[in-house]
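What follows is a short report on a single structure.
Chain letters run A, B, ... following the sequence lines, proteins first and then strands; every chain starts at 1. Quick note: numbers below take in every heavy atom, side chains included, and nothing from hydrogens, waters or symmetry partners. Since the model is a prediction, treat every value here as computed from it, not as a measurement.
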Amino acid sequence: MAVSKMFKTNVLAYSTMKERLIEEIHRAGIIEISEVDRESIGEYISPEEGKGTSDINESLQEINKLVDDLSFSTNFISAYLPKKYKKKNKNAFISEKDAVKLAKDFKYNIVEKIKRYSHDIQQINSEKESIKSRIEELNPWKSIKIDFNELNFENVKVLFCITSTRNFDKLNSEIGEIDFSTINVITETKDNIYFTIIYENEKESEINNILKNMPVNLVDFQDVKEDIHKTIGEYKSKIKELDKKFLDITDELKEFSDEYFNMLIALDYWSMIYERELIKKKFISTESSFLLTGWIREKDIPKLKQIENKYKEIDISITPPEKEDVPPVALENSGIVRPFEVVTKLFGVPGKGEPDPTPLLSPFFALFFAICLTDAGYGLILILLGFIILKKSKGNIGTEQLMKILIIGGSITVLVGAVTGGWFGIDFDSLPPTFKAIKTFRDKLTLLDPLKSPLTLFIITLSLGILQLLTGLVVKIVLLLKDKEYYEAFSSPLPNFLILGGTVLAAVLKNSIYWLFPFVGAVIMLFFSSRSKNIIMRLVKGAYSLYGITGLFGDVISYSRLFALALSTGVIALVINVIVGILYKMIISVPYIGIPVGILFLFIGLIFGHIFNVLINSLGGFIHTTRLQFVEYFGKFYEGTGTEFKPFKQEFKYIR
Amino acid sequence: MTVGLFIAGMGIFTAVALAGAGSAIGIGLTGQVAAGVMSEDPKSFGKYLMLIALPGTQGIYGFVIGFLAIMKLGILSGSIPPVSIAKGLNVLAAGAPVGLAGLVSAVNQGKVCAAGIQMASKQPADMGKALVMGVFVETYAVLGFLTSFFLLWFVI
């Protein structure tokens, strides 16, 4: 179906044209450049000749450093910029020609300057941290009100120690046994005890022996000149100094505000140059010429021909893939189906010989998603949300496609919601008679009220599931027939189709003659599932695949999740209305301020409540719908083992 | 409060509290892992949002059943409704499937999704697989919810 036809292309040209040609191809963005298969061209270019990558590596490193520096600088100063600059640059764009000029004229010493500033700031921060932690260390000792300069005695030493509460008693008793040594507790916390040990000089070795075997931290007060309070004060003023220094630097950084946008442009430009340099590694180059190979979509071939015509001495070959080649896969869908490529890509693009499942899944996806919500009002919210985000995220293809799915799904939700009578979960039966016209209008649209006849909706969801499963099986049969795998088609998807389809027919039409289909299916399965010549092996394997049909009916039950989600969305919507209603009645009964506050609450409560419900349930709806496609549907016919086509293409953030 | 109403209340409790507790544990698991992953890649919040929130649905299923029971019993009318013991037992039976299936599945879904977030952080292309694995666990919460719903809707 809609997988682009891929062609292999070889481009051979003179080295003198290399830069210009790379630029041209990069700009066109039509070729996925792959590593040249060295073996296949071995006859033409000897391996030594084909190397020549050392000079590429050098320039790569240089550009890489520049890109790193630029991205670091922009990241770094963006935190210090005045807010208006960020806002101003959010949607600013510049033409490519201007950008190149700008990037070339850009004064790169600015980057060096910014790097220096960031180094300064780092230093300030680390200095501040170390002072702060020193203050933390000193704080517990604050109650010592002595001049530390006078602590040097001739015969006596003072140690300042910290140990855990657990160890303190043991330490205390051991120290106490040494003559003329005392312990004074300075302060205690929950875990630690801060204390001093005073001892005579000659007892030093004994004390050391005890301390060695105990987890005791000795505190050093070398930096305390007089008393601790004063030192802490000095440190605090030092922190203030550092803070001021920091502010000075941030002020100076603001001067780079005007350069910020230019830096972003330069970053964009150099990232692109880096890519161009990096891609050269995949070429084979000699002194005089170079060769690149890659894949191109059929529809892009004229563009490549245009490039070929521009240059005289260039040789471009375009050949269809050979049998053993595995070309990359590009999906090609149009119109309303295209956004659903996101879902396919989430699973994996088609492998060799597989069709693109996107057109096959998109109607089911949109419908199932809608059933998970079943509320026309919620559908409208989704459409609105989709358009708003779509407008804001121009250029981001992934988000754009996702929002388009939201809009399509939302539209179908409106339809499904109208048919099931869901409008913001309003309970129309309890509306006051003034709204009777609305109620009759709603009732006219409503074909089925899930809360009044839940079983009907339950059966509908299962039927849709059966429809999807049968579709999957038919697709598999068609694919196998196309590949002339008649036996495969006959022995596996066909009996599954007969069993599932026949059971449904028999159950719906209540005519036992239709049980013939599942019976035939079962017989085929039993006898033909295996091609073994041994009849017993054949039957055993056949019975095993017959057992596998329990999985098929499990698949059908799996679709009941749609019903569950539909129900929970509807009930939560109802709950929001009921709870907000009860609270509203309570609030308006308060005298004087009751009525205005109540009305305000009514609006806020309903809006927030329903938006919450929409978000949480469209999230759930999206995930569960996706699962049904991937597991139940794709499981029947699709593997998705291909690799995506990723052309060598310019991608800018700020340049257009 | 009659004995019947009390038993019915236990059924509502089973549905809402057990399923809710499961979801709370499940999202706790996914949230922690996501926070760890985001510390390396701060911009990835939106990407993991689905995996983080997935174990939250069980709590919603439980609450829906609880609310429907409250509605069916007529508690919202403002007066205390007469509930027979048999009816109370019916509500208890109806609350159990979603409560138990929700509790166990939400916790385990949390584990699967947490692992999925880690996987997706290292292999961004495998996001879809991580989601599907998480939803595998959810199936059983859905079945519990449906059973509870039918018991509640057609028996009481």
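Contact annotation for A/Val631: only side-chain heavy atoms (C-beta onward) come within less than 4.5 Å of a heavy atom of chain B. Residue A/Val578 touches chain B through its side chain alone, counting heavy-atom pairs closer than 4.5 Å. Contact of B/Leu54 with chain A is made through the side chain alone, with heavy-atom distances under 4.5 Å. Both the backbone and the side chain of A/Leu451 come within contact range of chain B, each with at least one heavy atom under 4.5 Å from a heavy atom of that chain. In this structure, the portion of B/Phe149 lying under 4.5 Å from any heavy atom of chain A is its side chain and not its backbone.
The environment of CZ in A/Phe76 is crowded: more than 12 heavy-atom neighbours from other residues, nucleotides or ligands sit within 6.0 Å. Other residues, nucleotides and ligands contribute over 12 non-hydrogen atoms within 6.0 Å of the CD atom of A/Glu644.
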- Message: Before you tell me yes or no, could you show the steps for A/Leu567 and B/Phe145 under side chain to side chain contact (heavy atoms under 4.5 Å, CB included), namely the whole-Å CA-CA distance, both residues' side-chain angles and the distance that decides it to 0.1 Å?
- Response: CA-CA 10 Å; A/Leu567 209 67; B/Phe145 170 68; 4.1 Å; yes
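Chain A forms more heavy-atom pairs under 4.5 Å with one residue of B/Thr57, B/Val135, B/Val132, B/Asp126 than with any other, namely B/Val135. Ranked by heavy-atom pairs shorter than 4.5 Å toward chain B, the options A/Pro454, A/Gly620, A/Ser558 are led by A/Pro454. The greatest number of non-hydrogen atom pairs below 4.5 Å with chain A, out of B/Phe63, B/Tyr61, B/Phe136, is found for B/Phe136. Chosen from A/Ile623, A/Ile582, A/Ile572, A/Leu574, the residue pairing most often with chain B at heavy-atom distances under 4.5 Å is A/Ile623.
Of residues 66-74 of chain B, those residues lying under 4.5 Å from chain A by any heavy-atom pair are B/Phe67, B/Leu68, B/Met71. Contact annotation for residues 609-618 of chain A against chain B (heavy-atom separation below 4.5 Å, listed by residue number): A/Ile616.
With values rounded to the nearest 0.5 angstrom, B/Lys129 atom NZ is found 10.0 Å from A/Phe630 atom CZ. Between the CG atom in B/Leu131 and the OG1 atom in A/Thr626 there is a gap of 7.5 Å [rounded to 0.5 Å]. Rounding to the nearest 0.5 Å places CG of B/Leu146 at 10.0 Å from CZ of A/Arg561.
Using the six-membered ring where Trp is involved, B/Phe150 and A/Phe563 have ring planes that are parallel, under 30° apart on the 30 and 60° scheme.
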